[in-house]
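Heads up, the thing below is written out as structure tokens.
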Amino acid sequence: MSIDRKAAITAYKERKTIAGIFVVRCAASGEAWVGQAPNLETIQNRIWFSLRQRSHTCRSLQAAWTTHGEAGLTFGECERLEDEESAYVRNALLKERLLHWRAELKAELI
């Protein structure tokens, strides 16, 4: 294995992830869905992939995608969480903030 590849693998493993709350909105129907993610930088790609495959577990979100397509949905960040040492504390905070944003946006949970 080359030194560059080893360095790239090490850098990938040591990268910081940003946990937080996100929202997916449908402009045509006015619907909104909120969710939590341990890594906000990768969650949109994961959701869009499952929607394209018609395998997303949230039926109403999948229906909106099917009806309005990718162009009809937007993805946004609601809140980024500070770095937490403890996964337990981070997960508890994510759950708390998710409920806050669900009520604030009158959105369905993903």
Side-chain angles (χ1 to χ4, degrees):
M1 196 182 301
S2 72
I3 295 174
D4 289 340
R5 184 166 182 215
K6 284 183 181 179
I9 290 170
T10 301
Y12 177 79
K13 288 180 179 178
E14 292 176 355
R15 77 191 188 291
K16 299 249 182 197
T17 59
I18 301 166
I21 309 300
F22 64 89
V23 61
V24 177
R25 295 177 191 221
C26 178
S29 68
E31 293 175 283
W33 299 266
V34 293
Q36 63 183 9
N39 188 353
L40 283 174
E41 295 175 357
T42 61
I43 192 67
Q44 180 182 4
N45 189 46
R46 186 180 321 158
I47 293 170
W48 264 225
F49 178 81
S50 65
L51 289 168
R52 281 188 207 104
Q53 300 302 312
R54 299 181 189 270
S55 63
H56 200 279
T57 56
C58 181
R59 292 181 189 262
S60 60
L61 178 56
Q62 185 67 61
W65 177 277
T66 303
T67 303
H68 305 290
E70 183 174 350
L73 298 179
T74 58
F75 178 89
E77 292 181 11
C78 294
E79 181 175 355
R80 290 178 171 226
L81 298 182
E82 296 295 322
D83 230 5
E84 280 294 334
E85 292 295 320
S86 165
Y88 176 78
V89 172
R90 184 193 70 220
N91 291 338
L93 190 55
L94 278 171
K95 287 178 185 177
E96 176 188 319
R97 300 308 298 158
L98 179 64
L99 294 175
H100 164 79
W101 283 105
R102 179 183 183 197
E104 181 81 19
L105 300 173
K106 297 175 181 51
E108 187 177 337
L109 292 178
I110 293 181

Q) Do L40 and L81 share a hydrophobic cluster, counting only Ile, Leu, Val, Met, Phe, Trp and Tyr and linking them when any side-chain heavy atoms are less than 4.5 Å apart? A) no
Q.
Would you compute the distance between atom CZ of F22 and atom CD of Q44 and round it to the nearest 0.5 angstrom?
A. 10.0 Å
Q. Side-chain heavy atoms under 4.5 angstrom apart, residues restricted to Ile, Leu, Val, Met, Phe, Trp, Tyr: same cluster for L73 and W101?
A. no
**Q.** side-chain contact (heavy atoms from CB on, under 4.5 Å) evaluation trace for C78 with L105
**A.** CA-CA 10 Å; C78 294; L105 300 173; 3.9 Å; yes
Q | CD1 on I110 to CG on L61, rounded to 0.5 Å | A | 5.0 Å
Q: Run the numbers on V34 and L109 for side-chain contact (heavy atoms from CB on, under 4.5 Å), then give the verdict.
A: CA-CA 5 Å; V34 293; L109 292 178; 3.8 Å; yes
Q: Inspect the surroundings of CD in E82 and state if more than 12 heavy atoms from other residues, nucleotides or ligands are less than 6.0 Å away.
A: no
Q | I43 reachable from L51 in the ILVMFWY side-chain graph, under 4.5 Å edges | A | yes
Q. How many angstroms lie between atom CD of E79 and atom CD of Q36, to the nearest 0.5 angstrom?
A. 11.5 Å
Q | Cluster check L94, L99: I/L/V/M/F/W/Y, side chain < 4.5 angstrom | A | no
**Q.** CZ/F49: more than 12 non-hydrogen atoms of other groups inside 6.0 Å
**A.** no
Q: For the pair E41 and I18, evaluate side-chain contact (heavy atoms from CB on, under 4.5 Å) and give the outcome as yes or no after the intermediate values.
A: CA-CA 7 Å; E41 295 175 357; I18 301 166; 3.8 Å; yes
Q: Examine I21 and W33 and state if one hydrophobic cluster contains both, with Ile, Leu, Val, Met, Phe, Trp and Tyr joined whenever side-chain heavy atoms are less than 4.5 Å apart.
A: no
Q: Before giving the answer on side-chain contact (heavy atoms from CB on, under 4.5 Å), spell out for W65 and R52 the whole-Å C-alpha distance, their side-chain angles and the decisive distance to 0.1 Å.
A: CA-CA 8 Å; W65 177 277; R52 281 188 207 104; 3.6 Å; yes
Q.
Side chains of S60 and E108 only: does a donor on one sit below 3.5 Å from an acceptor on the other?
A. yes
Q | Nearest non-hydrogen partners of V23 and A32, listed with the distance | A | CG2-CB, 4.2 Å
Q: Output yes when a side-chain donor or acceptor of Q62 lies under 3.5 Å from a complementary backbone atom of H56, and no otherwise.
A: yes
Q | Spatial distance of atom CG (L98) from atom CG (L93) [nearest 0.5 Å] | A | 11.0 Å
